[in-house]
Colleague: 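Have a look at this one.
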There are 2 protein chains.
Amino acid sequence: MAAPGTARAIARAELTEQIKNEALRQLGDAGAGELSLRAISRELGMVSSALYRYFASRDDLLTALIVDAYADLAHALESADRTAGAGGAAGVRADTPAAGGGARPAAADPARRWATAASTLRSWALVQPHRFSLIYGTPVPGYRAPQETTVPAERVMLAFFRPLEAAEDRPLEAAEVTDPGLDAQLRAAGSLLGPRVPPARLAAGVTALAQVIGLVTLEIGGHFHGGFEPADALYAHAVEALTASLGLTDRP
Amino acid sequence: MAAPGTARAIARAELTEQIKNEALRQLGDAGAGELSLRAISRELGMVSSALYRYFASRDDLLTALIVDAYADLAHALESADRTAGAGGAAGVRADTPAAGGGARPAAADPARRWATAASTLRSWALVQPHRFSLIYGTPVPGYRAPQETTVPAERVMLAFFRPLEAAEDRPLEAAEVTDPGLDAQLRAAGSLLGPRVPPARLAAGVTALAQVIGLVTLEIGGHFHGGFEPADALYAHAVEALTASLGLTDRP
DNA sequence: TCTGAATTGTGAGCACCGCTCTTGTCATCC
DNA sequence: GGATGACAAGAGCGGTGCTCACAATTCAGA
């Protein structure tokens, strides 16, 4: 790798981006199974073997697209949360997402923040379903997600758990966690997702996120076809129920 | 097509089944993208072109596998429900799933039936994740599910909504459906899924099913890796919460 | 500034893929 | 017992991912 700034490095970064863009374009047309390196190179006016200077294999390219998709989704969720936070209850700006303690009543409504995350996820997925499928779709049997994907994947998770931290004091009607194994798993996961969130709310957060992903999966997969299409109302109804079950709403 | 019963027809049915079995085997090894007609024919000791006498194309074979997967899952759910129904509260047999009216207190516990469906779905999916992915995984962009798939798909849905019918009289704490559009969608869907189930419980049923599918999707996709694996306890916790939110438990 | 090394592009080639078409063989039905 | 249709076989087309030897280019250190 040449030092960044040289003409060669710039050209490399540029071409790498072009390759990924063209790959993304083809992915939207035909699905991950049809992604063709030869077609990409053809479109970019280069010989197919040259592409291997940038990505060692087709799987490598796909992995890069997965990492990008995670990062892009995480970015969308984070910036949406920042906007929702700014428009919150008392108009307090929340430019630093990981702000320190206190000032609870001044922070944006946690229910609103969570609902924003949920609707941002759906919007993002509906605009580019192939990228959503890349992340949450059919896994390749032998495929183990490389380390590079876990970090942006956590960013996505966090966007749904940060609002839970802001609701410490609200009562939660969710069932207590009785299974000691699950309790241990939740406490371990909680150290990453939200140390101050009790296990019961953490569990509710995981299942709520699963429901959101399930709904989007079903919608994108066409399983609502002829029944709940468009699914806007169903989704809104579900999100409302979820924020309530998470104990984020102000209603007691 | 020869008349059924002739040696030729029998041989044809036999070979068709062998092809699908071998395809399923390869699918488990490598994923839908790697399914190779040539490899199947090679394994079956025939020339590749001969395979086209049985399936017009690769997509045709995949569609057949999807239909089979739906049917198999539906069958698993239905027979599990029959077993759960037999072992229910008062030991009343429920050989005819679509039994007529009354005898409500004698029927099996609706919560138990729904939980059975949920755990059957997960077990089925974990044993053969490639078939689950075939149904609920990444959709092919241009692909429109053919008519043949809709009927078995409905059977799967029904397995999760029949228990709701058995809970008519139980109170439901789920939020009322306020959106008129959603209400219309629910009433239309209800004519198929359960005419006597009120819209609010129907909506809860759809989102509950989405959560179950989302959880299994995440588990199969390895998204719980390092956090909630094994996910048995998390799943059990979620199912318990869902049966409660569906108003199926006896507790008020 | 010049030169050796690293990087990138080229084109041929291998093994595989889905799918089509022609040819010859066989079971089935009138 | 033929005519007919289903069937297997094989060659072949255009496509794929990927490798390799080679030429061109760019960079970095003496």
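Quick note on labels: first sequence line is chain A, next is B, and so on, each numbered from 1. No hydrogens, no waters, no symmetry mates; every other heavy atom, side chains included, goes into these values.
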Colleague: Look at all strands and tell whether B:Arg58 reaches a base, only sugar-phosphate, or nothing, counting heavy atoms closer than 4.0 Å.
Modeller: sugar-phosphate
Colleague: With a 4.0 Å cut-off on heavy atoms, is A:Ser57 in touch with a base, just the backbone sugar-phosphate, or nothing at all?
Modeller: sugar-phosphate
Colleague: Any side-chain N or O of B:Ser36 below 4.0 angstrom from OP1/OP2 of C:dG18?
Modeller: yes
Colleague: Within this structure, what is the CG-to-P distance between A:Leu62 and D:dG17, rounded to whole angstrom?
Modeller: 11 Å
Colleague: Report the distance from atom CD1 of B:Ile40 to atom P of D:dA8, rounded to the nearest whole Å.
Modeller: 15 Å
Colleague: Closest nucleotide of DNA chain D for B:Arg38 versus for A:Arg38: which of these residues is on the 5' side?
Modeller: B:Arg38
Colleague: What is the separation between atom CD on B:Glu14 and atom P on D:dA8, rounded to the nearest whole Å?
Modeller: 13 Å
Colleague: Can you figure out which of D:dG12, D:dT16, D:dC27 approaches the side chain of A:Thr6 most closely?
Modeller: D:dC27
Colleague: CD of B:Gln26 versus P of C:dC16: gap in Å, rounded?
Modeller: 14 Å
Colleague: Can you tabulate the close N/O pairs, meaning under 3.5 Å, that link protein atoms to atoms of nucleotides 8-11 of chain C?
Modeller:
{"from": "C:dT8", "atom 1": "OP1", "to": "A:Arg12", "atom 2": "NH1", "distance (Å)": "2.9"}
{"from": "C:dT8", "atom 1": "OP2", "to": "A:Arg12", "atom 2": "NH1", "distance (Å)": "2.8"}
{"from": "C:dG9", "atom 1": "OP1", "to": "A:Tyr54", "atom 2": "OH", "distance (Å)": "3.2"}
{"from": "C:dG9", "atom 1": "OP2", "to": "A:Tyr54", "atom 2": "OH", "distance (Å)": "3.0"}
{"from": "C:dG9", "atom 1": "N7", "to": "A:Arg53", "atom 2": "NE", "distance (Å)": "3.3"}
{"from": "C:dG9", "atom 1": "O6", "to": "A:Arg53", "atom 2": "NH2", "distance (Å)": "2.4"}
{"from": "C:dG11", "atom 1": "N7", "to": "A:Ser49", "atom 2": "OG", "distance (Å)": "3.4"}
{"from": "C:dG11", "atom 1": "O6", "to": "A:Ser49", "atom 2": "OG", "distance (Å)": "2.6"}

Colleague: Kindly write out the residues that satisfy side-chain hydrogen bond (donor to acceptor under 3.5 Å, both in side chains) with A:Thr63, not counting sequence neighbours, or none if the list is empty.
Modeller: A:Tyr143
Colleague: Kindly say whether A:Asp81 contributes a backbone atom to a donor-acceptor pair with the side chain of A:Thr116 at under 3.5 angstrom?
Modeller: no
Colleague: Taking any heavy-atom pair under 4.0 Å as a contact, classify A:Leu35: base, sugar-phosphate, or nothing.
Modeller: sugar-phosphate
Colleague: Between B:Leu37 (CG) and D:dG15 (C1'), how many Å, whole number?
Modeller: 15 Å
Colleague: Could you pull out all residues at least two apart from A:Gln18 that satisfy side-chain hydrogen bond (donor to acceptor under 3.5 Å, both in side chains)?
Modeller: A:Glu14
Colleague: Heavy atoms only, 4.0 Å cut-off, all strands: where does A:Ala7 land among base, sugar-phosphate and nothing?
Modeller: sugar-phosphate
Colleague: Mind checking what makes side-chain hydrogen bond (donor to acceptor under 3.5 Å, both in side chains) contact with B:Arg38, not counting sequence neighbours?
Modeller: none
Colleague: Rounded to whole Å, how long is the line connecting atom OH of A:Tyr52 with atom C1' of C:dC14?
Modeller: 13 Å
Colleague: Would you kindly give the CZ-to-P distance between A:Arg42 and D:dG14, to the nearest whole Å?
Modeller: 14 Å
Colleague: I'd like to check the side-chain hydrogen bond (donor to acceptor under 3.5 Å, both in side chains) partners of A:Glu219; sequence neighbours left out, ordered by chain and number.
Modeller: A:Arg122
Colleague: Indicate every side-chain donor-acceptor pair of residues 150-157 of chain B with a distance under 3.5 Å to a residue at least two apart or in another chain.
Modeller:
{"from": "B:Thr150", "atom 1": "OG1", "to": "B:Gln147", "atom 2": "O", "distance (Å)": "2.7"}
{"from": "B:Arg155", "atom 1": "NE", "to": "B:Glu78", "atom 2": "OE2", "distance (Å)": "3.0"}
{"from": "B:Arg155", "atom 1": "NH2", "to": "B:Glu78", "atom 2": "OE1", "distance (Å)": "3.0"}

Colleague: With a 3.5 Å distance limit and no angle check, can you tell me whether B:Arg58 reaches the backbone of B:Leu35 through a side-chain donor-acceptor pair?
Modeller: yes
Colleague: Calculate the interatomic distance between B:Ile19 atom CD1 and D:dC7 atom C1'; express it in whole Å.
Modeller: 12 Å
